[in-house]
Trainee: 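My questions will all concern the structure given below.
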Amino acid sequence: MKKSLTKHLALALAVLMLATLFAGCGAEAQPAATPEATTDGQPSGPVQGGTITLRVAFDLGGYTWLSATNQLLTHYVQGRNFVWDGNEKVNILFESCEVSEDGTVWTVKLKDGIKWHDGESVTSEDYIFAREFWGQIPATENGITDGSVYEATDELSFTVTLPAPNFEYDSSIVKPMPQHVWQDVLPEKRNDITDIKYSIGCGPFKLTEIVPNEYYVLERFEDYIGGAPYLDSIVFRVIPDAEAAMIALESGQVDGTIYDANQSTRVEQNSAYITYSAPSGTLQRLDFNTQLAKFSDKETRQAIAMLVNKEAIVNQVLRGEAVASYSCFPMADPYFDDSVVNKYEYDIDAAKELLAEAGWTEGADGILERDGERLSIELISPGVSEIEKAALIMQEDMKKAGIELTLKNVDFSQYFDALYGAEPNFELAYQGTGMAKGMTSNWKYIYAMPAAVPGRYENPEVTALFEKAATKDEEIKRGAYSEIQRLVSIDCPDIPLYEGNSLYATNQSVNFDEAKFDGSGIIVVYPEKIFVNQ
C-alpha cells in the first residue's frame, strides 16, 4: 500500500509566501487524542503503548541534542518552537510571536505549563540562556553571530531585537536550553559530554539510553505540552548500509526505514509494507572549493557544470524519483525562480571550448593542465549510494573533456570536518541543503557568509541583495531573490544536481496517519501521534 504525498511541481512552485510578516506565528497544536472505546470496550482508534524500532543511516551525533548532527533528536527530544504541517505553521512551545512594523523586534509569548523532562518549568530565561550560550560559539560551528539581543519581559515572554530588519526571523529564534542543567558547562566543551542527563529537553520523548553508532532509546514524556505520546518508546537503530537496512526490515529487526530509488520495486511490490513518498525539500549539489587555484575562475566551474548529465543521473540512478535542479534555491521555496538562471545544459563540446578559453591545455596523459597543475578532481561523499552511481556517469563524461574525476567516500565525521573545519579540506563535495519553510533569508548563510560555508564563495553584490530582500515589500523581495539566483548561477560556486523524494517504508504495525509523514528528515511532523496498529 502506498501513501504518496508527492505533488506536481506546479503546485510546489505556486506556494504562496506564508504570513510570517504579521502578528501570530501560527495555529495551535492539538494534543494527541485519547483513544475512544467501542461498545465492546476495545479501542477503536489509536491505542496507548508499544515500542517501535526505526532505522537511521547515521549515528545521531551524541549524548545530547545540542551536539547532535541529526535533527531527529532536536525534533523528538529537545522540542520545537513550532512545526510546519504542510503549508501551515503550528505552534508547539510558542503561544504567539509578533514582529514590529520595521522588522527589527520580535515579541514572543510561551505557552503556560511547558515542562522539561525532569519536571522543571520552561521559562523565558531558558531562551535567554540559550542565546548567550550559542553566542559564545563561532559561526563556523553554528554559533549565533547575528547581533540579536534577547531580553526577558516576564516568566513566559521575551523580545528579540535585531540589528537589521528580518521578517523571517521567527524561524531562527533559538530553542530553549534548560539553564539549571547547562549553566556550569562551557560552550566549547559541549561536544565532549557523555552524560545522558544533559539530553533533557521538553519534546515528546526523553532520551534514556545510548550505545553510540548502534542505537538510541527514546521513552514517552507524559507531561509533553502537546499531549503524552501514544507510544511507550522509540528505538533508533543505526544501520549505515542500505542493503543491510532492507534485510533488517524484511527480518523484523526494524519496523521502518528510509529506502532509495534502487530498492523501490523490491519494497513497493511487497504488500507487507506501507510506503511513503514526499519531496525531501533538500537540494543536492556539488560544492567547489573556490579557494583552490583550479577552481578560482568561474569559467572552469561553468565548464565542469556542463559535463554533469543531470537527466541521466535522475533517470538512471534515481529511477525518476527526483527532478533535475538548476537554481541555487530549492523548488518548494516561495521565491524559487529558475527562469533567470544559467542552466549549463549538458554539452561536452561547449565545455571543452570553455575550458580552452580558461587556459587549460591537454597534457601528455590526456588530462588537461594549466600552470603546471592537472585538472584532476577528488569528489568526497559520506558514502551515499546514489552519488557513487552518479560519479560513474560523471567520470565518463569528464574524461571525454580531459578531466580526471575520482570519488572518495569518508565517514561522516571526516566529511563534516573537511567541509566545516577551520579551513576547507576538499576539492569537490557532494552536499544536500534544505531550509525550512519561511526561511528563504537563511540562504545567506550559504551564499553571503564566506567564512561559514565550505567553498568560501563570496560576491558583495549577492550579499547586498540579501539585505535588500529584508523587507515587507513583496515586489522588492521577489526581485532581490530572483537576482540572487541569477548571479549565483553565473558565478557557479556549486552545481545544483537534483531534488529527490524521501522514500520510507514501515511494516503494517506502524501507523503514521495522525503523525503525518514528512520528507525533510524528521520522518513525521508529530512524533507523539505515531501509534502501533492493533
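Computation of the quantities below employed the complete heavy-atom set of this structure, encompassing side-chain atoms and omitting hydrogens, waters and symmetry-equivalent molecules. Owing to the predicted nature of the structure, the values given are computational and were not obtained by experimental measurement.
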Trainee: List the atom of Arg80, the atom of Gln71, and the distance in Å for their closest heavy-atom pair.
Mentor: NH2-OE1, 3.6 Å
Trainee: Within the side chain of Lys206, is there an N or O that forms a donor-acceptor pair under 3.5 Å with the backbone of Ile200?
Mentor: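 Pair absent, no side-chain N/O of Lys206 close to backbone of Ile200.
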Trainee: Please round to the nearest 0.5 Å and tell me the distance separating atom OH of Tyr169 and atom CG of Asp146.
Mentor: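 The OH atom of Tyr169 sits 3.5 Å away from the CG atom of Asp146.
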Trainee: Taking the inter-plane angle between the rings of Tyr230 and Phe531 on a 0 to 90° scale, is it parallel (under 30°), tilted (30 to 60°) or perpendicular (over 60°)?
Mentor: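 Perpendicular: the ring planes of Tyr230 and Phe531 meet at over 60°.
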Trainee: Would you say the side chain of Arg237 lies within less than 4.5 Å of the side chain of Gln253, judging by non-hydrogen atoms?
Mentor: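 They are in side-chain contact.
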Trainee: Using a 4.5 Å cut-off on heavy atoms from C-beta on, say whether the side chain of Leu54 contacts that of Val56.
Mentor: no
Trainee: Any sub-3.5 Å donor-acceptor pair from Glu125's side-chain atoms to Leu156's backbone N or O?
Mentor: no
Trainee: With side chains defined as the heavy atoms from C-beta onward, is the minimum distance between Phe58 and Ser413 less than 4.5 Å?
Mentor: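 Result no, sub-4.5 Å side-chain heavy-atom pair not found.
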Trainee: Is any side-chain heavy atom of Met439 closer than 4.5 Å to one of Tyr445?
Mentor: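 They are not in side-chain contact.
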Trainee: Could you tell me whether Arg285 and Asp287 make a salt bridge, using a distance below 4.0 angstrom between a side-chain N and a carboxylate O?
Mentor: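 Salt bridge between Arg285 and Asp287, a charged N being under 4.0 Å from a carboxylate O: yes.
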Trainee: To the nearest 0.5 Å, what is the distance between OG1 (Thr265) and CZ (Arg319)?
Mentor: 6.0 Å
Trainee: Report the C-alpha separation of Tyr259 and Ser264 in whole Å, then their side-chain angles, then the decisive distance to 0.1 Å, and conclude whether the side-chain contact (heavy atoms from CB on, under 4.5 Å) test is met.
Mentor: CA-CA 7 Å; Tyr259 63 96; Ser264 58; 4.1 Å; yes
Trainee: Which residues pass the side-chain contact (heavy atoms from CB on, under 4.5 Å) test with Gln136, sequence neighbours left out?
Mentor: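 In terms of side-chain contact (heavy atoms from CB on, under 4.5 Å), with neighbours along the sequence ignored, Gln136 is linked to Pro187.
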Trainee: Would a distance-only check, ignoring hydrogens and angles, find a side-chain to backbone donor-acceptor pair under 3.5 Å from Asp518 to Ile523?
Mentor: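 The answer is no, because no donor-acceptor pair under 3.5 Å joins these two groups.
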Trainee: Less than 4.0 angstrom from a charged side-chain N to a carboxylate O is my criterion; do Lys115 and Glu222 meet it?
Mentor: no
Trainee: Output yes when a side-chain donor or acceptor of Ser280 lies under 3.5 Å from a complementary backbone atom of Ser502, and no otherwise.
Mentor: no
Trainee: Please give me the minimum heavy-atom distance between Ala429 and Leu419, naming the atom from each residue.
Mentor: CB-CD1, 3.7 Å
Trainee: Start with the C-alpha distance between Trp116 and Asp126, add both sets of side-chain angles, then the distance that settles side-chain contact (heavy atoms from CB on, under 4.5 Å), and finish with yes or no.
Mentor: CA-CA 11 Å; Trp116 292 111; Asp126 293 311; 3.2 Å; yes
Trainee: Should the ring pair Phe221 and His117 be called parallel, tilted or perpendicular, given that the plane angle runs from 0 to 90° and is split at 30 and 60?
Mentor: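 If you compare the ring of Phe221 with that of His117, the planes turn out perpendicular.
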Trainee: Report the C-alpha distance between Val83 and His75 in whole Å, list the side-chain angles of each, state the deciding distance to 0.1 Å, and finish with yes or no for side-chain contact (heavy atoms from CB on, under 4.5 Å).
Mentor: CA-CA 9 Å; Val83 297; His75 190 59; 3.9 Å; yes
Trainee: Apply the ring-ring contact (aromatic ring centres under 6.0 Å, His included) test between Tyr76 and each candidate in Phe236, Tyr224, Tyr526; give the one that qualifies.
Mentor: Phe236
Trainee: Quick check: does any side chain N or O of Glu132 sit under 3.5 Å from a backbone N or O of Phe129, one acting as donor and the other as acceptor?
Mentor: no
Trainee: Less than 6.0 angstrom separating the ring centers of Tyr150 and Tyr127, yes or no?
Mentor: no
Trainee: Which residue in the set Asn501, Leu503, Thr506, Ile258 passes side-chain contact (heavy atoms from CB on, under 4.5 Å) when paired with Tyr276?
Mentor: Thr506
Trainee: If you take all heavy atoms of Ser441 and Asn166, which pair is closest and at what distance?
Mentor: OG-OD1, 3.9 Å
Trainee: Taking atom types as modelled, is there a side-chain donor on Asn409 or Glu388 under 3.5 Å from an acceptor on the other?
Mentor: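 Yes, a side-chain donor-acceptor pair sits under 3.5 Å.
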Trainee: Roughly how far, to the nearest 0.5 Å, is the CD1 atom of Ile52 from the OG atom of Ser509?
Mentor: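 Answer rounded to 0.5 Å: 8.0 Å.
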Trainee: Measuring from atom NE2 of His180 to atom OG of Ser121, what distance do you get when rounded to the nearest 0.5 angstrom?
Mentor: 9.5 Å
Trainee: Ignoring hydrogens, what is the shortest heavy-atom contact between Leu207 and Ser199? Give both atom names and the distance.
Mentor: O-OG, 3.5 Å
Trainee: Show the nearest heavy-atom pair for residues Tyr273 and Asn507, with the distance to one decimal.
Mentor: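 So the minimum-distance heavy-atom pair works out to CD2-CA, 4.2 Å.
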Trainee: Has Asn533 got a side-chain atom pairing as donor or acceptor with Gln508's backbone, closer than 3.5 angstrom?
Mentor: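 Yes; judged by distance alone, with no hydrogens or angles, the pair exists.
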Trainee: Does Arg55 reach the main-chain N or O of Pro240 with its side chain, forming a donor-acceptor pair under 3.5 Å?
Mentor: yes
Trainee: Please confirm whether the ring centroid of Phe133 lies under 6.0 Å from the ring centroid of Trp182.
Mentor: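 For Phe133 and Trp182, the ring centres are under 6.0 Å apart.
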Trainee: Keeping the roles fixed (side chain from Ser157, backbone from Asp154), state whether a donor-acceptor pair exists under 3.5 Å.
Mentor: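 Pair absent, no side-chain N/O of Ser157 close to backbone of Asp154.
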Trainee: Is a side-chain donor or acceptor of Asp85 paired with a backbone partner of Glu88 at a separation under 3.5 angstrom?
Mentor: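 No.
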Trainee: In Å and rounded to the nearest 0.5 Å, what is the CZ to OG1 distance from Arg220 to Thr208?
Mentor: 12.5 Å
Trainee: How far apart are the C-alpha atoms of Phe205 and Glu219, what are their side-chain angles, what is the distance that settles it, and do they pass the side-chain contact (heavy atoms from CB on, under 4.5 Å) test?
Mentor: CA-CA 5 Å; Phe205 290 90; Glu219 295 184 359; 5.7 Å; no
Trainee: What's the shortest heavy-atom distance between Asn81 and Ile173, and which atoms?
Mentor: ND2-O, 3.3 Å
Trainee: Tell me, do Ser325 and Met331 make a side-chain contact under 4.5 Å, heavy atoms counted?
Mentor: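 A side-chain contact exists here, since the closest heavy-atom pair is under 4.5 Å.
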Trainee: Rounded to the nearest 0.5 Å, what separates atom OH in Tyr216 from atom CG in Leu60?
Mentor: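 Between atom OH of Tyr216 and atom CG of Leu60 there are 5.0 Å.
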Trainee: Should we say atom CG of Asp192 is surrounded by more than 12 heavy atoms from elsewhere, each under 6.0 Å from it?
Mentor: yes
Trainee: Is it the case that the side chain of Glu268 and the backbone of Arg266 share a donor-acceptor pair, with hydrogens and angles ignored and the cut-off at 3.5 Å?
Mentor: no
